[in-house]
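Here is the structure we will look at.
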Amino acid sequence: MAEDPYHAVKAEIQTSLQTASTLRASYLRIASTASSDSEELRWAGSELKATLAAMDADLEDLDESVRVLEETGGRLFGIEDSEVIARRKYVTFVRNEIEPFNPNSARTGTERGAEPDEDDQAEWARQEQQMMMEQQDTMLSTIGGTLSTLAEQAGLMGREIGEHNDLLSNLEAGVDRSQSKLNGAMKKMQKLIRETEGTI
């Protein structure tokens, strides 16, 4: 028997619903301060519409599969009637959920002075703020880790430079001692040569 795709499509729709909620909160926030021809507002509206379009396509597939079960009987596919009813309720629930998500509807309602659902807006704003705070925390943690690594590397480089300076100092002292010894040996050899020449 072929695998029932319902649950996979439902999971995709749930993800799209969450994304659409975040995008709608952004759209409403921008719409409350920006003009209707704002580029930022158009971008937010386009993103929301694209998400809704993808979700609507998934919902159509889900609706069609439920319609087939309703017409032929779910038991033919090993699905109980109660499950078919539950799936129909879910499709209806999602349609009702995404209805107010349309950017045009949201914008028109604001322009006409219609009172928005303050509880929903407050929740969307809270979720958006929470998401932004989490992103900032993650960014700060990443920056902190990078700075810590750079500080550690700088410390290592400083120690290595100090060790190299010590080695160079020791090498320079050794060269000076060798040069001094060489000069002494050369003087002794010259003296010996002069003494030898004097005896011949």
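One-based numbering along the sequence shown. Predicted, not measured: the structure shown is a model, and the values here were computed from it.
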Go through the steps to decide whether Ile79 and Tyr6 satisfy the test side chain to side chain contact (heavy atoms under 4.5 Å, CB included), and finish with yes or no. CA-CA 11 Å; Ile79 300 174; Tyr6 172 81; over 6 Å; no
Decide yes or no on side chain to side chain contact (heavy atoms under 4.5 Å, CB included) for Met55 and Asp58, but give the supporting numbers first. CA-CA 5 Å; Met55 183 164 54; Asp58 288 337; 5.6 Å; no
Report the C-alpha separation of Glu64 and Arg67 in whole Å, then their side-chain angles, then the decisive distance to 0.1 Å, and conclude whether the salt bridge (charged side-chain N to carboxylate O under 4.0 Å, His left out) test is met. CA-CA 5 Å; Glu64 179 62 25; Arg67 187 179 301 111; 2.5 Å; yes
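Residues Val9 and Ile13 meet the side-chain proximity criterion, which asks for heavy atoms closer than 4.5 Å. Counting heavy atoms from C-beta on, the side chains of Gln14 and Tyr90 come closer than 4.5 Å.
For Ser148 (side chain) and Gly144 (main-chain N/O), no donor-acceptor pair under 3.5 Å exists by modelled atom type.
The OG1 atom of Thr142 sits 11.0 Å away from atom CG of Leu147, with the distance rounded to the nearest 0.5 Å. Rounding to the nearest 0.5 angstrom, the gap separating the CG atom in Leu168 from the CD1 atom in Ile161 is 11.5 Å. One finds the CG atom of Leu62 at 11.5 Å from the CG atom of Asp56 (value rounded to the nearest 0.5 Å). Rounded to the nearest 0.5 angstrom, Thr92 OG1 and Asp63 CG are separated by 8.0 Å. With rounding to the nearest 0.5 Å, the separation of CD in Glu39 from CG in Leu41 is 11.0 Å. Taking CD of Glu80 as the start and CD1 of Ile85 as the end, the distance is 11.0 Å to the nearest 0.5 Å.
Connection of Phe93 to Leu52 is established within a shared hydrophobic cluster, with ILVMFWY side chains joined at heavy-atom distances below 4.5 Å, either directly or through further cluster members.
Applying the side chain to side chain donor-acceptor pair (under 3.5 Å) test to pairs two or more places apart or on separate chains, those with a residue in residues 163-183 are Gln179-Asn183.
Under the salt bridge (charged side-chain N to carboxylate O under 4.0 Å, His left out) criterion, Glu83 pairs with Arg87, not counting sequence neighbours.
The number of heavy atoms from other shown groups lying within 6.0 Å of CD (Glu40) does not exceed 12.
Taking every heavy atom of both residues into account, Ala20 and Leu48 meet most closely at O-CD1, 3.7 Å.
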